[in-house]
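Notes follow once the structure below has been shown.
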Amino acid sequence: MHNILSSLVPASEMSLHFLCIFIIFFLALISLSDGIQLIIVNNCKQTIWPGILGTAGYQTPKNGGFPLYIGEEVVMEVPENWSGRLWGRQGCCFDDRGKGSCQTGDCAGLLHCTGFGGTPPATIVEMTFGTFQNPLHYYDVSLVDGFNLPVSMKPIGGSIGCGVAACEADLNACCPANLVVKRNGKVVGCKSACLATKEPRYCCTGEFASPGRCKPTVFANLFKAICPRAYSYAYDESTGLNRCRAPRYVITFCPPKV
């Protein structure tokens, strides 16, 4: 093949031809490996306003928040090594300047949550897509800040051992009375014991700020029994934290129950 090309194409043009092929191939490799795709799906029976917050030092995509209508999905790309969190807001109302409020997960009364986290209680999806020292992706669904909406995070095309992080059940339906959050007479959220009491033994702070001293409480055990694939308290890493490496992940609000 090389000899036939040599006889038909001048050496300078042939070199340029192979250089172009190499550049196209190299750019294709970059495009395949340079980012992670997040597919965010609303399977709920109401509009959801996802909130997004990049960890300190990382960008916040999609201006930190947007509406996601019933049955809609949005594809979002983040760079390799990105770290941040995502949560659902419900019962929101914003004016044409993007100011307003949400019944749960509100971020300073703004549509775009850039720089602001969600007000608890809120079900949080946490993720770190590798570091410069470790290529593995870490992700979880956390109930540490309480619960407002069912959500799952599922890897697509991942390596062996990739798991699903999820709380598919509606914890609001069985939330203990002292943890319930109501709006207009309707239960819209379930506080964590830490949020409700502020006590160190529930928050894993002070003298309880270590895995050896902070153990799951009766409330954490309740959350874990209903949502075994979610983080139920601060040191729930044995079953709550997932390790994987995949090119894309589907984050579904109100996922079908398995």
Side-chain angles (χ1 to χ4, degrees), residues 36 38 40 42 44 47-68 74 76 78-79 81-94 97-129 137-153 165-167 171-172 175 179 181 183 188-198 200 202-205 209 220 223 227 230-237 240-242 249 251-254:
I36 309 299
L38 299 178
I40 306 168
N42 181 7
C44 300
T47 298
I48 301 299
W49 287 261
I52 310 162
L53 180 65
T55 303
Y58 294 88
Q59 68 180 37
T60 294
K62 301 289 285 186
N63 293 319
F66 55 92
L68 190 64
V74 167
M76 181 176 79
V78 295
N81 300 330
W82 185 82
S83 178
R85 53 173 47 197
L86 183 148
W87 68 98
R89 295 172 288 169
Q90 61 179 328
C92 299
C93 183
F94 298 105
R97 296 176 297 170
K99 294 184 178 181
S101 64
C102 299
Q103 290 183 344
T104 63
D106 189 73
C107 57
L110 301 172
L111 169 61
H112 303 300
C113 299
T114 304
F116 296 97
T119 301
T123 318
I124 306 295
V125 184
E126 302 172 310
M127 62 207 85
T128 296
F129 294 126
H137 299 168
Y138 293 85
Y139 55 97
D140 65 82
V141 167
S142 175
L143 304 175
V144 174
D145 287 335
F147 172 93
N148 69 332
L149 290 165
V151 66
S152 67
M153 180 170 177
C167 182
L171 280 176
N172 292 334
C175 182
L179 303 181
V181 174
R183 296 287 185 271
V188 295
C190 188
K191 296 179 182 179
S192 65
C194 170
L195 181 63
T197 67
K198 309 296 184 184
Y202 292 120
C203 298
C204 297
T205 57
F223 284 1
C227 291
Y231 233 93
S232 61
Y233 73 107
Y235 292 106
D236 188 19
E237 294 192 358
L241 184 63
N242 290 269
Y249 296 83
I251 297 173
T252 304
F253 290 103
C254 304

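It should be emphasised that the depicted structure is a prediction, and the values quoted were computed from it without experimental measurement.
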Hits for salt bridge (Lys or Arg N to Asp or Glu O under 4.0 Å) against D106, two or more places apart or cross-chain, chain-then-number order -> none
With sequence neighbours left out, the residues meeting side chain to side chain contact (heavy atoms under 4.5 Å, CB included) with A234 are C204
Heavy atoms of A220 and S232 approach each other most closely as O-CB, 3.5 Å
Closest heavy-atom pair, S142 versus Y231, reported as atoms and distance to 0.1 Å, is CA-CB, 3.7 Å
Self-check item: Student check: side-chain heavy atoms of I52 and M76 closer than 4.5 Å
Solution: yes
Rounded to the nearest 0.5 Å, the CG atom of D140 sits from the OG1 atom of T128 at a distance of 9.0 Å
For Y138, the side-chain hydrogen bond (donor to acceptor under 3.5 Å, both in side chains) test, sequence neighbours excluded, returns N134
> Less than 4.5 Å apart, any side-chain heavy atom of C167 and any of F147?
Replying inline: yes
Task: P150 side chain near C254 side chain, heavy-atom distance below 4.5 Å - done: yes
So salt bridge (charged side-chain N to carboxylate O under 4.0 Å, His left out) across residues 56-66, not counting sequence neighbours, yields none
- Decide yes or no for T252 and V151: does some side-chain heavy atom of the first lie under 4.5 Å from some side-chain heavy atom of the second? no
What one should report as the nearest heavy-atom pair of A122 and T119 is CB-O, 4.2 Å
* **Close side-chain approach of C227 to L143, heavy-atom, < 4.5 Å** => yes
Between the CG atom in L149 and the SG atom in C44, the distance rounded to the nearest 0.5 Å is 5.5 Å
Residues passing the side chain to side chain contact (heavy atoms under 4.5 Å, CB included) test with D145, sequence neighbours excluded, are R85, P120, I124
Value for CG (L38) from CG (L86), rounded to nearest 0.5 Å, stands at 7.5 Å
Applying side chain to side chain contact (heavy atoms under 4.5 Å, CB included) to C203 and not counting sequence neighbours gives C194, T205
- prompt: Sub-3.5 Å donor-acceptor pair from the side chain of E126 to the main-chain atoms of G84, do we have one?
  reply: no
Main-chain N/O of G54 paired with T60 side-chain donor or acceptor, under 3.5 Å: yes
Sequence neighbours excluded, the answer for side-chain hydrogen bond (donor to acceptor under 3.5 Å, both in side chains) partners of N148 is T104, T123
Subject >> Donor-acceptor pair, side chain of W82 and main chain of Q59, under 3.5 angstrom >> reply: yes
Counting C-beta onward and ignoring hydrogens, is there a side-chain heavy-atom pair between V78 and F129 closer than 4.5 Å?
yes
Heavy atoms of P50 and I40 approach each other most closely as CG-CG2, 4.3 Å
Problem - Test item: L171 and F223 side chains (from C-beta on) under 4.5 Å apart, heavy atoms - result: yes
Across all chains, not counting sequence neighbours, the side-chain hydrogen bond (donor to acceptor under 3.5 Å, both in side chains) partners of Y249 are H137
Residues at least two apart in sequence or cross-chain that pass side-chain hydrogen bond (donor to acceptor under 3.5 Å, both in side chains) with Y233, listed by chain then number, are none
(Q) For F66 and V74: C-alpha separation, side-chain torsions, deciding distance, then whether side chain to side chain contact (heavy atoms under 4.5 Å, CB included) applies. (A) CA-CA 10 Å; F66 55 92; V74 167; 3.9 Å; yes
Residues passing the side chain to side chain contact (heavy atoms under 4.5 Å, CB included) test with C92, sequence neighbours excluded, are W49, R89, F94, C102
Whether the side chain of H112 engages the backbone of G64 through a donor-acceptor N/O pair (distance < 3.5 Å, no angle test) should be reported.
no
(message) For a side chain to side chain contact (heavy atoms under 4.5 Å, CB included) check, start with the C-alpha distance between V181 and Q103, then their side-chain angles and the critical distance, and finish with the verdict.
(response) CA-CA 10 Å; V181 174; Q103 290 183 344; over 6 Å; no
Nearest heavy-atom contact between W87 and G105 is NE1-O, 2.9 Å
So, the side chain of N63 versus the backbone of G65: is there a donor-acceptor pair under 3.5 Å, distance only? no
query: Is there a side-chain contact between M153 and N242 (heavy atoms, below 4.5 Å)?
result: no
**Request:** Indicate yes or no for a side-chain donor-acceptor contact from T55 to the backbone of Y58 under 3.5 Å, with no hydrogens or angles considered.
**Result:** no
